[in-house]
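Only heavy atoms go into these numbers, but all of them, side chains included; no hydrogens, no water, no symmetry mates.
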Amino acid sequence: MDPVQEKLNWFMEMTECADGLFLWDYTTSWDIRSSNCPEDKAVYWSHLFRVVGGPEQVSPLFAHSRKPVLFNAAVDLSWIIVPAVEKHTIARYLVLGPVFLSSMSQQELDKALDSYDFATSSKYEYKTHLEDLPSIQYPAFLLYGKMLNRCLYPEVVDLMDFRIVSAKNVRVRPENRLSSEIVLDSSEGRADIEDLLLQQIRQGNPNFRNAIPALQLGQYGEMAPQSTLRQLKDECIVAITLSSRAAMDGGLSRQQALGVGDSYIRQVESADTIEEVMGIYEPMVSDFIRRVHNKHLQQQYSVPIRNCMDYMEQHITEPLTVRSVVEGTGYNGYYISNLFRRETGKSLGEYINERKVEYAKHLLLETGDSVGAISKQLNFSSASHFTAVFRQVTGMTPSAFREAGSAGEQSSP
């Protein structure tokens, strides 16, 4: 027997210890080759995986990487997918699931079912069978995924290599990874990492990734044990609060730190998928560090100039002009314009463009937002105007900058 298949057969036998945990062997066209799921249940779960868009959303992620994927659909219903490669080509897909990643209430089960586009006559049947699915927490499910991957490949995959994709967010960034801090039970390690990260924020260290290669959401206890999504939201909100306080310690004004923090908390609360919440954390940390770093750079200037810079930073997403800065700070226009050029070597208008472009760089590298969306967020009159200003300041287009930055991240150790 093929050694790989022998390992997979052993793995399927072991999954029987987790009642209701099934392994599926799909072709590259997503036809079932085999499964340890009983036939009377297979008709439900194979159809369910298609209904929530699993094949369509997962397949593109394996174009350039065979790292395993955690696919999440409606509340906490999830699968793990690992591609089997033969002669450098994907020959089939191994799928583990579906499972619930938390203990679910009846209300949450109903919510999950209502998210699916089934015929009305079959909803009761699916509801009955959904109640039979196993509830497995992240640590156990990802360890099953690691073992499945090990059956196919000699290396042991790291928990951070699991990529998350959600059925409610089709614009998936393949580089999104599940932080090992969500699944590792090492409170001392989490505390050390948290202290180090907060120190980087206070210092405004733009090279913070050299000190902390992988940003991690830490667990702050079971705040919402009945819902993984709510747990992640609460953890992210705690992290935002701690980061805003660290930014204040680093010199950011209370008004600005709390304003930025509130903005990210609103994003967290409006997110309805695990992937969206995970995608907010790293840009938030980077944003606070960027702002504290800029605040430190401002210390060499006089109080009026620092006040102007603070005003621009606080209103960076608004349609900033020289007139709005002058009116917002209350200085005489002729006086502050001359003083600004004398101290910085730049006009107010040039500095406004530079600050907007600097923030645009942050958004281009830390988010998946389109160039057009970033242009609107920074209140440029049009995407073409944004591109022209960006090129004038940096010598390249926003798209070229994003591509260069992504290539640099991928090639870095």
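Side-chain contact between Y26 and P55: absent, with no pair of heavy atoms (C-beta onward) separated by less than 4.5 Å. At a threshold of 4.5 Å between non-hydrogen side-chain atoms, the residues Y359 and H362 count as touching. Taking 4.5 Å as the limit, every side-chain heavy atom of E269 sits out of range of all side-chain heavy atoms of R266. In this structure, L23 and L148 have side chains that are in contact, with non-hydrogen atoms separated by less than 4.5 Å. Inter-residue side-chain proximity for V85 and T89 is flagged as unmet; no heavy-atom pair is nearer than 4.5 Å. The shortest side-chain heavy-atom distance between V389 and K356 does not fall under the 4.5 Å cut-off. You'll find the side chain of F141 reaches within 4.5 Å of the side chain of L96, heavy atoms only. Residues I201 and F208 form no side-chain contact, since every pair of their non-hydrogen atoms from C-beta on lies 4.5 Å or further apart.
Applying the 6.0 Å contact sphere to CD of Q255 captures no more than 12 heavy atoms from other residues, nucleotides or ligands. In Q299, the CD atom is crowded: over 12 heavy atoms of neighbouring residues, nucleotides or ligands sit closer than 6.0 Å.
By the 4.0 Å N-to-carboxylate-O rule, E155 lies close enough to R66 to be salt-bridged with it.
Here the side chain of S29 pairs no donor or acceptor atom with the backbone of D31 at under 3.5 angstrom. Between the side chain of H296 and the backbone N or O of Q203 there is at least one donor-acceptor pair closer than 3.5 Å. Without hydrogens or angle criteria, S324 side chain to L320 main chain gives no donor-acceptor distance under 3.5 Å. Although no hydrogens or angles enter the test, the distance criterion places no donor-acceptor pair under 3.5 Å between the side chain of T329 and the main chain of C308. Between the N294 side chain and the R290 main chain, a donor and an acceptor come within less than 3.5 Å of each other. No donor-acceptor pair closer than 3.5 Å links the side chain of T317 to the backbone N or O of L378. Judged by distance alone, the side chain of R402 and the main-chain N or O of L364 form a donor-acceptor pair under 3.5 Å. In this structure, the side chain of Y311 does not engage the main chain of V326 through any donor-acceptor pair within 3.5 Å. Side chain of T387 to main chain of A383: a donor-acceptor pair is present (N/O by atom type, distance under 3.5 Å, no hydrogens or angles). With R306 contributing its side chain and Y301 its backbone, the two residues share a donor-acceptor pair below 3.5 Å.
Residue I316 holds its CD1 atom at 10.0 Å from CD of Q256, rounded to the nearest 0.5 Å. To the nearest 0.5 Å, the span separating CD on E6 from SG on C151 amounts to 11.0 Å. Remark: Q267 CD to T367 OG1 distance equals 9.5 Å, nearest 0.5 Å. Distance check: H293 NE2 to E358 CD gives 8.0 Å after rounding to the nearest 0.5 Å. Considering CE of M284 and OG of S263, their distance stands at 11.5 Å, rounded to 0.5 Å. How far OG1 of T344 is from CD of Q298: 11.5 Å, rounded to the nearest 0.5 Å.
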ask   = Can you check side chain to side chain contact (heavy atoms under 4.5 Å, CB included) on D25 and R92, steps first, answer last?
value = CA-CA 7 Å; D25 188 341; R92 51 186 172 141; 2.5 Å; yes
request  = Output, in order, the C-alpha distance, side-chain angles, deciding distance and verdict of side chain to side chain contact (heavy atoms under 4.5 Å, CB included) for H385 and S375.
outcome  = CA-CA 8 Å; H385 179 219; S375 169; over 6 Å; no
inquiry  = I'd like to know whether R291 forms a salt bridge (Lys or Arg N to Asp or Glu O under 4.0 Å) with D287, so could you lay out the CA-CA distance, the side-chain angles of the two residues, the decisive distance to 0.1 Å, and finally the verdict.
reply    = CA-CA 6 Å; R291 292 174 185 270; D287 192 13; 3.1 Å; yes
ask   = Yes or no on side chain to side chain donor-acceptor pair (under 3.5 Å) for Q5 and N9, after CA distance, side-chain angles and deciding distance?
value = CA-CA 6 Å; Q5 189 59 50; N9 290 342; 3.0 Å; yes
task = Begin with the C-alpha distance, continue with both residues' side-chain angles, and end with the deciding distance and a verdict on salt bridge (Lys or Arg N to Asp or Glu O under 4.0 Å) for K361 and E354.
result = CA-CA 10 Å; K361 288 180 181 179; E354 286 188 5; over 6 Å; no
message = Could you go through E350 and R355, starting from their C-alpha distance and side-chain angles, then the distance that decides it, and tell me whether this counts as salt bridge (Lys or Arg N to Asp or Glu O under 4.0 Å)?
response = CA-CA 9 Å; E350 290 171 338; R355 296 317 307 154; over 6 Å; no
task = Show your reasoning for whether side chain to side chain contact (heavy atoms under 4.5 Å, CB included) applies to V82 and L152.
result = CA-CA 9 Å; V82 181; L152 299 173; 3.5 Å; yes
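Checked against the 6.0 Å centroid criterion, the rings of F62 and Y93 qualify as a close aromatic pair.
By the 30° and 60° cut-offs, the orientation of the rings of F390 relative to F401 is perpendicular. Between F22 and W24, the two ring planes are perpendicular [angle over 60°; tilted spans 30° to 60°]. In this structure, F71 and F49 have perpendicular ring planes: the angle between them is above 60°, well past the 30° mark. Ring-plane geometry between Y351 and F340 is classed as perpendicular, the angle between the planes exceeding 60 degrees on a 0 to 90 degree scale with a lower cut at 30. In this structure, F11 and Y144 have perpendicular ring planes: the angle between them is above 60°, well past the 30° mark.
Using modelled atom types and a 3.5 Å distance limit, the side chains of T397 and S399 yield no donor-acceptor pair.
With sequence neighbours excluded, no residue forms a salt bridge (charged side-chain N to carboxylate O under 4.0 Å, His left out) with E318.
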